[in-house]
Amino acid sequence: MINIKNLCFTYTNSKPYLLDKVNLKIEKGSYVSILGENGSAKSTLVKLILNLLKPNSGEILISTSKMAYVAQKVENFNAQFPITVYEMLNCHRKVLKLKDKNLILKSLQAVGMEGHTHTLIGNLSGGQQQKIFIARSLIGDPELLILDEPSTGVDIQSMEDIYGIIKGLNKNLGITVVSVEHNLKAALDNSTDIFEMSSGSGILYTINDYKNKLKEERG
Amino acid sequence: MFQYAFMQNALMASVLISILFPIVGVFLVLKRYSMMGDTLSHASFAGVAIGLVLGFNPILCAFAFTAICGLSIEFLRDYYKKYAELILSILLTFSVGVGITLVSTGKAGANVNSYLFGSILTVTKSDLYIMLILSIISIITLYSLYNQLLYITFDEEGAKVSGVKVKVINYVFALLVGATISASLRILGILVMSSMIALPVATALQLNKGFKHTLIYSIMFGFIDIILGLIISYYINCAPGGTIALTSVFVLVLIIGSKRALSRA
């Protein structure tokens with residue numbers, strides 16, 4: 001699904017690189033959590049995959065154009081922004097040039113938020129808002145779903161709901177999931193693979209290998 | 001009062017700008033870019049001054065200058081990234097510099113005041129045609145780019161990932177802001193232009209509605225502000241810019257007051 005080869009990137013156009021010769025191969029249907037310390041360039045890697053940033057060298061090959069993104073924080077969104085759930089999802093549908101209006105209801109049903117169609121997004125809790133952003137990403141039947149810390153600012157119940165939804169999308173619909181994670185437990189419970197980043201690069205582990213590695217490190 | 005040709009011209013021009021301004025305003029305010037209106041209205045001052053000194057149509061010159069400044073803002077936005085508002089200050093300073101230098105040479109004539117404060121007496125038929133063309137082009141463009149603009153306003157990164165040509169649309173929008181400001185010069189005047197971008201939207205935001213309703217209410221409040229301000233300016237014989245600005249503040253205060261009274265009741 002994604003093949004990253006010798007990827008180098010820096011914001012300042014001068015060495016040292018923030019990402020230095022990163023290699024990563026993500027298979028179709030997998031659920032990869034990206035872990036690492038703050039500042040290990042996890043979100044930067046995701047932005048490069050999404051083509052929001054341009055690499056200095058190396059290449060990123062993605063086998064699908066049906067890609068969706070759930071950001072850690074939507075740039076201009078605040079509680080006062082005057083937009084309803086329906087308006088936001090409908091805007092996304094129209095931008096993707098999809099004619100079927102039922103897609104909005106279907107995507108809301110997939111995250112259990114169909115009762116909030118005409119609610120202002122600012123009036124929803126953090127967890128509900130995150131479910132709405134996931135619902136938006138489902139319009140257009142994505143094959144690749146990229147999330148950046150999906151449980152940031154979310155209560156425990158909503159967190160469980162959100163990971164349940166993401167895991168369901170991966171298992172039942174076969175959507176490949178790439179998720180930047182700060183929540184180790186969620187990553188261990190849900191992922192098929194872990195990409196651990198440090199010092200500008202990273203190593204891909206299967207979930208069992210990563211669990212064994214953690215056991216060894218913790219004695 | 002509408003038996004006079006100048007009032008008919010002023011009324012038609014006011015109806016056009018009362019629709020156009022809040023549409024542009026709602027996107028600018030929600031992008032937290034309402035200062036762009038301020039910068040481009042000052043750019044229009046420079047454009048008017050160039051037109052008056054060189055003997056060209058001041059509204060067309062204002063459009064050309066605001067268009068160049070609008071495009072420059074978008075072009076330079078990446079240059080300063082996190083300090084994008086600095087570009088607005090730089091272009092505002094440049095525009096005011098050009099405007100004041102040219103006007104103070106005395107070659108612009110005494111006509112400058114009518115552009116600064118707005119004047120219902122000076123809207124000619126040819127001005128009206130220019131305003132009509134700029135307004136129709138702007139409204140059609142805004143209508144056809146509505147969803148892309150809303151997406152960019154709400155979530156620029158998400159819009160890019162969804163395939164919206166964000167940079168191109170931001171350039172087109174900057175041109176539209178320039179066109180809106182140039183079309184409104186005669187009635188509103190340069191000094192109150194930016195307040196008309198923000199005030200009807202600020203009033204509509206008090207109603208806590210979705211985007212479409214906020215847009216409709218912004219147009220409604222913009223229409224009330226401009227038409228009422230125009231009528232008052234006719235009766236008390238002053239520049240419409242001032243009365244329109246005062247009406248818009250009064251309507252905002254009225255809505256805030258009514259909202260508070262209703263929430264207490």
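Each chain gets a letter, A, B and so on, in the order the sequences are listed, and its residues count up from 1. All values below come from the heavy atoms of this structure, side chains included, with hydrogens, waters and symmetry mates left out.
Residue B/Tyr146 qualifies as enclosed at atom OH: its count of foreign heavy atoms under 6.0 Å is above 12. Heavy-atom neighbours of A/Lys171 NZ from other residues, nucleotides or ligands within 6.0 Å: at or below the threshold of 12. Sparse packing is recorded around CD1 of A/Ile156, with 12 or fewer heavy atoms of other residues, nucleotides or ligands lying under 6.0 Å away. Other residues, nucleotides and ligands place no more than 12 heavy atoms under 6.0 Å from the CD atom of A/Glu37. Atom OH of B/Tyr217 sits in a sparse spot, with 12 or fewer heavy atoms from other residues, nucleotides or ligands closer than 6.0 Å. Other residues, nucleotides and ligands contribute over 12 non-hydrogen atoms within 6.0 Å of the NZ atom of B/Lys167.
Heavy-atom distances place the side chain of B/Leu205, and not its backbone, under 4.5 Å from chain A. Using a 4.5 Å cut-off between heavy atoms, A/Tyr86 makes no contact with chain B at all. Only the side chain of A/Leu120 has a heavy atom closer than 4.5 Å to any heavy atom of chain B.
Using bins of under 30°, 30° to 60° and over 60° for the plane-to-plane angle, the ring pair A/Phe81/B/Phe211 lands in the parallel bin.
Residues B/Asn147 and A/Cys91 share a closest heavy-atom pair of O-SG, 3.2 Å.
Ranked by heavy-atom pairs under 4.5 Å with chain A, the first of B/Asn208, B/Thr153, B/Val164 is B/Thr153. Annotation: maximal heavy-atom pairing with chain A below 4.5 Å, among B/Lys209, B/His213, B/Lys160, B/Glu156, occurs at B/Lys209.
Distance check: A/Lys94 NZ to B/Ser162 OG gives 15.5 Å after rounding to the nearest 0.5 Å. Atoms NE2 and OH, on A/His92 and B/Tyr151 in that order, are 4.5 Å from each other to the nearest 0.5 Å.
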Could you walk me through whether A/Arg136 and B/Asp155 pass side-chain contact (heavy atoms from CB on, under 4.5 Å), step by step? CA-CA 12 Å; A/Arg136 177 178 71 168; B/Asp155 178 9; 2.6 Å; yes
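Between A/Ile83 and B/Leu30 the shortest side-chain heavy-atom distance does not fall below 4.5 Å.
Using a distance-only test at 3.5 Å, with no hydrogens or angles considered, no donor-acceptor pair links the side chain of B/Glu157 to the main chain of A/Leu52.
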